[in-house]
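The structure appears right after this line, and notes come after that.
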Amino acid sequence: MADLSVSFTGIELKNPVMLASGVWDLPYTELIDFEKLGGIVYKSISLSSREGNPPPRLTEIPCGVINSIGLANKGIENFNKEILPQLKDLGTEVFVSIFGESIEEFAELTSRITDVSGIEVNISCPNVKEGGLLFGADPDIAYNVTKAVCSNTDLPVIVKLTPEAVDIVKVALSVKEAGASAITASNTFQGLVIDIETHKPIFRRITGGVSGPAIRPLSLYKAYQITRAVDIPVIGSGGITDWMDALEYFFVGVSAIEVGSAIFNNPLAPIEIIDNINRYMDENEYKNILEMKGEVNEERC
Amino acid sequence: MADLSVSFTGIELKNPVMLASGVWDLPYTELIDFEKLGGIVYKSISLSSREGNPPPRLTEIPCGVINSIGLANKGIENFNKEILPQLKDLGTEVFVSIFGESIEEFAELTSRITDVSGIEVNISCPNVKEGGLLFGADPDIAYNVTKAVCSNTDLPVIVKLTPEAVDIVKVALSVKEAGASAITASNTFQGLVIDIETHKPIFRRITGGVSGPAIRPLSLYKAYQITRAVDIPVIGSGGITDWMDALEYFFVGVSAIEVGSAIFNNPLAPIEIIDNINRYMDENEYKNILEMKGEVNEERC
Amino acid sequence: MTTFRILPVIENRRLGPYTLLRIKDVGIHKYAGCGQFVMVGLSFLRDPFLLRPLSFLSVDNDSFSLLIKIKGRGTEMLSMVKPGEYLKVLGPLGRTILPGEKGILIAGGIGIAPLFYQSQWMRGGVLLYGAKDKRELVLVKEMEDRGLVVKTITEEKGGTVCDLVMENIALLKGQRVFICGPVAMIKSLREIIRDYTRETFVYLERRMGCGIGGCKSCAIKTGYGYKFVCQDGPVFPLEEVEIG
Amino acid sequence: MTTFRILPVIENRRLGPYTLLRIKDVGIHKYAGCGQFVMVGLSFLRDPFLLRPLSFLSVDNDSFSLLIKIKGRGTEMLSMVKPGEYLKVLGPLGRTILPGEKGILIAGGIGIAPLFYQSQWMRGGVLLYGAKDKRELVLVKEMEDRGLVVKTITEEKGGTVCDLVMENIALLKGQRVFICGPVAMIKSLREIIRDYTRETFVYLERRMGCGIGGCKSCAIKTGYGYKFVCQDGPVFPLEEVEIG
Ligand SMILES: Cc1cc2nc3c(=O)[nH]c(=O)nc-3n(C[C@H](O)[C@H](O)[C@H](O)COP(=O)(O)OP(=O)(O)OC[C@H]3O[C@@H](n4cnc5c(N)ncnc54)[C@H](O)[C@@H]3O)c2cc1C
Ligand SMILES: Cc1cc2nc3c(=O)[nH]c(=O)nc-3n(C[C@H](O)[C@H](O)[C@H](O)COP(=O)(O)OP(=O)(O)OC[C@H]3O[C@@H](n4cnc5c(N)ncnc54)[C@H](O)[C@@H]3O)c2cc1C
Ligand SMILES: Cc1cc2nc3c(=O)[nH]c(=O)nc-3n(C[C@H](O)[C@H](O)[C@H](O)COP(=O)(O)O)c2cc1C
Ligand SMILES: Cc1cc2nc3c(=O)[nH]c(=O)nc-3n(C[C@H](O)[C@H](O)[C@H](O)COP(=O)(O)O)c2cc1C
Ligand code: FES
Ligand code: FES
């Protein structure tokens, strides 16, 4: 039996497969055996409750989805009182994603988070007016947000980047500099869908965030760029639907992965990925996940 | 019967559906009735012959393909002597895509092109060492290339941009300033695929260019940004496989479209798109393509 | 008990302009409540990426049926599934509702599907049922056999469901009414029946990602802020929700 | 005459570990030449996005057959197509070759498919045929019925095709030889047979985009620069190409 556990910068997971932020909520505990998961990132929480964007909020695209949820959530107080206790009972590592419209909000929010395995800082949502990918696209703001979060907590801080940054490696270096324990690469891409009945963008905010298998080669490239340039652990996210997708991420050197939209197509995807990575490692005599890391060669031509 | 013809800045097409550069060559004349097409953009030609990248050069991704062809072509002399005469017999508007590794090469190449309906300037190929998207990502270089091309020809000059530009609108404004007649938005996205058998990138040059339905919402957004900010005609390219995809592009205001990878999945796609746009326009009492242009509203929230 | 499973199709037949799929699922009758639905997709495929929400049409000991109207690519492909092939099935989903003993059902087009299932839980009542043409009026005899009084109308001749409801408005007085149909129909009906019924409930549709309350995509504005069609619905008190 | 059409599958059966698909296509025998192939995909789907290259296995007046080994998702899904369902078919593709009257065929595994078709054009000769196990040795009787001398070997017991060729090396002397099989087999064979045969041809595979010479993706290095497997092949003189 291969050892699937991973441990990096204060984060210890029984296996490297986590549920990504925003695609799941408590009802999934009925469907998936959460105890089997390496970790879960709860959907992005803000200081006060946000109602989110007007519907429609999601539609299908070829091999994926595009969403404009707008970070609907009931705020940190509700999270701490109602949600967190339930998450803690699930037998897996709990991470909470946080979102603020200003650096001060991020700082304040951070100070109200305790009793989780880590914080994922969402500076990469494409579906909000303030904060979101505006923060994550700019290395200086990204630095300041990360710094603010890190100075308000002793928990591991993971920063989730946007693939829409002008130079994602620069942003990665900034957040590392600011004290991030790890980087999640990456959030959704910005896309547009026109409703051919109304001739207008399907979303009220025009664009949405694209996710699912469609973006995998694009996201994988972002993860690859970061693992090569920045020496803190990277968590891969973007288009992972099966164990082979997961392996592509491990071979470029990520330390863990997050499964997002895939659960819409197959709620059992995260569990199947874990089982199959296990099988693959046994078959190929890998003793632990680290051995699979970073086998990608230098540029060859 | 709707009038599908479009005409803009010196370009006149019997309908707005063109074949994109690089995905087709003369053997397709056996399969498709070229006379029905609005236009064809021949694959990018360089000054001298290029053998292209070592194989593999293409593989499948979810709802699309990724390629690393590397602009294999036999050079401008061969084109003028062997290819162009055959293209001219096809009964459709012939555009030729050009590619250079330096501004001088673009200039020289341009001066050797005559007797076509227009030139498409490829400053957006992700699969070459020099030129390619390095040129198209930088507004200043893009300006200089366009200027060099425009000063060496009286033909309409279309500049094909890369979606990987830091700010595609800036590049669009630059090439307009430099004299471009139209903009093609846009070429492939950069992506990475790892071969899970070798644990290495499938391509020798590591990344490839991603195309097909997978990128449609991303490409459409690029086209949208440009049609709103720049007042020269835009030709939409990226993920168009059927008439509904084509309509999305027309509704954001493009003047024509290019069909690329779709022909791998269905060689008749361009013809079916033309027939169905025709039907759609009749059913919805559009008299010409212009009427469908730019129905997209301002940001609404 | 919501599960995700790969289940075999055992029947595919036409019913009017629709496709009726029967799916093998032993014991489903113990779980599938009135008002609920499933999310269904073709196995092996990641395009279409999303599962499609479909109401239970009927449920028995070892199978359940769905009635599918082709709308786009997803429903078209589902309609072509052959017996022996497998579907991904997530469900049952949504809140169960109290069907009531009798009551009035108002169906427009494919809206008949969940109401037919609801009638399986009732003991009669009235069905006001409108469709484009006669071919689209399905399951009328079966509803009558269940003891419902069925009144139909077609756009071809007669008019819309709204016309039918107006003609029969007296029947609605003080009743519990359930509506399922297109948005435009619901909007018009709202005005027509407002002052008559005791309570009115409406089956709603929204584009769904997860179907189970995870993704917050099926939001609907209500008097109490956004609710979620997959989790809080799909049946809502008409007065509580903003339609369209 | 290369065409793109939607054609119905009329038979799907197992043949050893493979799937044999028969596709209706009246008149195809007039077009499908020796050495050629088709690109095939499921209709309706854009994922898998690319059509898959498959050799003609056999061709008659009103249908042709393909033999499919499951490799990944594409071939898996093609193997599940049922009679009555439709496939996208682009072809015939590739250059026709001169099969020769007799000659030697060397097949490894699924490499039997195009060689079986080639034998339809020949009048006997020798087939040296290796596979993993007995189950993988298919169509042997049919080849014998066509007048070929068939010698087989399995890895289970005996060894590889290369062993078989070495045992029978004398047969190759001065002959035209056609090879189809995995890259590793071709590489080893090249060394073994170099000094014996008159001419050696090899059926090659490459990932293909268009299959018809449009996209330049199926490049293969030859003594004359890059050639394209779909257009200049798939059969090449062994000495001309760089393998693997
Ligand atoms: C709770 C519920 C129960 C339903 N029950 C039935 C039923 O019993 N029979 C039936 O024929 N239809 C039913 N529908 C509607 C059915 O789900 C849609 O027609 C179907 O999803 C359209 O998919 P498509 O691929 O054919 O169309 P497309 O328009 O191509 O779909 C594109 C995307 O939009 C979504 N979508 C489009 N229209 C709708 C819609 N009206 N509702 C929800 N999502 C939509 C699809 O899921 C998909 O994500 C129900 C919908 C809901 C929400
Ligand atoms: C001219 C020619 C004739 C062929 N004839 C046959 C035949 O008669 N029977 C048979 O079983 N197989 C044949 N093959 C191989 C067959 O095309 C591949 O096994 C198949 O494409 C793999 O697709 P997949 O989706 O199952 O595998 P995946 O590995 O999932 O395919 C992913 C991608 O790689 C491509 N690909 C992967 N392997 C190959 C390969 N070896 N050759 C070409 N493309 C590949 C696929 O087309 C696809 O684009 C032939 C190949 C060629 C080029
Ligand atoms: C419906 C939906 C909601 C999301 N909400 C959040 C969120 O609240 N916070 C966040 O950091 N990412 C959010 N994401 C992004 C995902 O966590 C993930 O990073 C992204 O979808 C790419 O991965 P995937 O292709 O596996 O889905 C959301 C994605 C979707 C589809
Ligand atoms: C195999 C292949 C080769 C291509 N070669 C060229 C090229 O030579 N010049 C060019 O400008 N674009 C080239 N492209 C890009 C296409 O013209 C097109 O812009 C891109 O694929 C996006 O459109 P699509 O999604 O419709 O394919 C190529 C694309 C593919 C898939
Ligand atoms: S569809 Fe995901 S919350 Fe309703
Ligand atoms: S597959 Fe396109 S040129 Fe051979």
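All of these numbers come straight from a predicted model, not from anything done at the bench. Quick note on labels: first sequence line is chain A, next is B, and so on, each numbered from 1.
In C/Lys132, the NZ atom is not crowded: 12 or fewer heavy atoms of neighbouring residues, nucleotides or ligands sit closer than 6.0 Å. C/Leu98 CG: 12 or fewer foreign heavy atoms inside a 6.0 Å radius.
Of the atoms belonging to C/Leu90, it is side-chain heavy atoms, and not backbone ones, that fall under 4.5 Å from chain A. Contact of C/Met208 with chain A is made through the backbone alone, with heavy-atom distances under 4.5 Å. Using a 4.5 Å cut-off between heavy atoms, A/Ile32 makes no contact with chain C at all.
The choice from C/Gly225, C/Pro48, C/Gly211, C/Gly41 that makes the most heavy-atom pairs within less than 4.5 Å of chain A is C/Pro48. When each of A/Ile263, A/Leu268, A/Ile69 is checked for heavy-atom pairs under 4.5 Å with chain C, A/Ile69 comes out on top. Among A/Ala214, A/Ala262, A/Pro213, the residue making the largest number of heavy-atom pairs under 4.5 Å with chain C is A/Pro213. Note on C/Cys218, C/Gly209, C/Gly74, C/Gly213: by heavy-atom pairs under 4.5 Å with chain A, the leading option is C/Gly209. No other option in A/Gly52, A/Pro62, A/Gly64, A/Gly22 has as many heavy-atom pairs under 4.5 Å with chain C as A/Gly64.
For C/Leu51 against A/Phe264, the heavy-atom pair with the smallest separation is CG-O, 3.5 Å. Of all heavy-atom pairs spanning A/Pro55 and C/Ala219, the tightest one is CG-O, 3.4 Å.
The list of ring pair (Phe, Tyr, Trp, His ring centres under 6.0 Å) pairs with a residue in residues 60-83 of chain C, not counting sequence neighbours, reads C/Phe56-C/Phe64.
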What are the atom names and distances for all donor-acceptor pairs below 3.5 Å between chain C and chain A?
{"from": "C/Thr2", "atom 1": "N", "to": "A/Glu30", "atom 2": "OE2", "distance (Å)": "3.0"}
{"from": "C/Thr2", "atom 1": "OG1", "to": "A/Glu30", "atom 2": "OE2", "distance (Å)": "3.4"}
{"from": "C/Leu45", "atom 1": "O", "to": "A/Asn265", "atom 2": "ND2", "distance (Å)": "3.2"}
{"from": "C/Asp47", "atom 1": "OD1", "to": "A/Cys63", "atom 2": "N", "distance (Å)": "3.0"}
{"from": "C/Phe49", "atom 1": "N", "to": "A/Glu60", "atom 2": "OE2", "distance (Å)": "3.0"}
{"from": "C/Phe49", "atom 1": "O", "to": "A/Asn265", "atom 2": "ND2", "distance (Å)": "2.7"}
{"from": "C/Leu50", "atom 1": "N", "to": "A/Glu60", "atom 2": "OE2", "distance (Å)": "2.7"}
{"from": "C/Arg52", "atom 1": "NH1", "to": "A/Glu60", "atom 2": "OE2", "distance (Å)": "2.8"}
{"from": "C/Arg52", "atom 1": "NH2", "to": "A/Glu60", "atom 2": "OE1", "distance (Å)": "2.8"}
{"from": "C/Lys88", "atom 1": "NZ", "to": "A/Asn265", "atom 2": "O", "distance (Å)": "3.1"}
{"from": "C/Lys88", "atom 1": "NZ", "to": "A/Asn265", "atom 2": "OD1", "distance (Å)": "2.8"}
{"from": "C/Arg207", "atom 1": "NH1", "to": "A/Thr59", "atom 2": "OG1", "distance (Å)": "2.8"}
{"from": "C/Lys216", "atom 1": "O", "to": "A/Arg57", "atom 2": "NH1", "distance (Å)": "2.8"}
{"from": "C/Lys216", "atom 1": "NZ", "to": "A/Asp25", "atom 2": "OD2", "distance (Å)": "2.8"}
{"from": "C/Lys221", "atom 1": "NZ", "to": "A/Glu51", "atom 2": "OE1", "distance (Å)": "3.4"}
{"from": "C/Lys221", "atom 1": "NZ", "to": "A/Glu51", "atom 2": "OE2", "distance (Å)": "3.2"}

